[in-house]
Participant: 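Below you will find the structure I want to go over with you.
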Amino acid sequence: GLVTFQHLPPGTPLALRIAGAGEDIRCAATVVWCKEAAADSVTGGKAYRVGLKFDPAIDNKTFDAVTRLTLQYGVPR
């Protein structure tokens, strides 16, 4: 999922650019859920994990790029 430093209410539309591991993906998404992931009691800062739904459903080429990117960063080698 996405990590932000601002709470994003469900239903919030986003224009995403996800880049890394040789991929450069641009697509639209909508926030489905947003949960506090961490808080700093000294500074008051917070981080949030965000669940997304791609809008409209992404095409096969973009889906493959997202899969390659998440496997690159989500699975230790």
Side-chain angles (χ1 to χ4, degrees):
L2 177 70
V3 176
T4 69
F5 296 107
Q6 177 181 349
H7 183 269
L8 300 173
T12 302
L14 301 174
L16 298 177
R17 179 178 182 203
I18 308 167
E23 306 292 347
D24 189 358
I25 304 160
R26 295 169 192 254
C27 57
T30 300
V31 173
V32 177
W33 53 264
C34 184
K35 299 177 183 176
E36 188 176 308
D40 185 322
S41 60
V42 175
T43 65
K46 294 183 179 181
Y48 300 89
R49 291 191 63 215
V50 181
L52 302 173
K53 176 185 172 197
F54 292 108
D55 297 323
I58 55 178
D59 60 30
N60 289 339
K61 180 179 175 184
T62 304
F63 181 84
D64 289 345
V66 169
T67 300
R68 286 191 301 272
L69 184 63
T70 56
L71 288 175
Q72 180 73 23
Y73 288 99
V75 179
R77 293 182 176 228

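Just so you know, these numbers come straight off a predicted model, no measurement behind them.
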Participant: Minimum heavy-atom separation for C34 to Y48, with atom names?
Facilitator: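 Minimum heavy-atom contact is SG-CB, 3.7 Å.
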Participant: Measure the CZ-CD1 distance between R26 and I58 for me, rounded to the nearest 0.5 Å.
Facilitator: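 If we round to the nearest 0.5 Å, R26:CZ and I58:CD1 are 15.5 Å apart.
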Participant: Tell me if the CG atom of D40 is crowded by more than 12 foreign heavy atoms within 6.0 Å.
Facilitator: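 Yes - once you tally the heavy atoms of other residues, nucleotides and ligands closer than 6.0 Å, there are more than 12.
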Participant: Nearest 0.5 Å, what's the OG1-CG distance between T62 and L69?
Facilitator: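 These two atoms lie 12.0 Å from each other.
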Participant: May I have all residue pairs that pass side-chain hydrogen bond (donor to acceptor under 3.5 Å, both in side chains) and include part of residues 7-19, sequence neighbours excluded?
Facilitator: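 Those involving residues 7-19 are R17-D24.
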Participant: Are the side chains of I25 and L16 in touch, meaning some heavy atoms are under 4.5 Å apart?
Facilitator: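 No - every pair of side-chain heavy atoms lies 4.5 Å or more apart.
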Participant: Is any side-chain heavy atom of L52 closer than 4.5 Å to one of V31?
Facilitator: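 Heavy-atom side-chain distance check passes, below 4.5 Å.
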Participant: Quick check: are there more than 12 heavy atoms from other residues, nucleotides or ligands sitting under 6.0 Å from CD of Q6?
Facilitator: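 At most 12 heavy atoms, drawn from other residues, nucleotides or ligands, come within 6.0 Å of this atom.
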Participant: For the CG atom of L8 and the OG1 atom of T30, what is their distance to the nearest 0.5 Å?
Facilitator: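 OG1 of T30 is found 11.5 Å from CG of L8.
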Participant: Ignoring hydrogens, what is the shortest heavy-atom contact between W33 and P10? Give both atom names and the distance.
Facilitator: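 Closest approach of W33 to P10, heavy atoms only: CA-CG, 4.4 Å.
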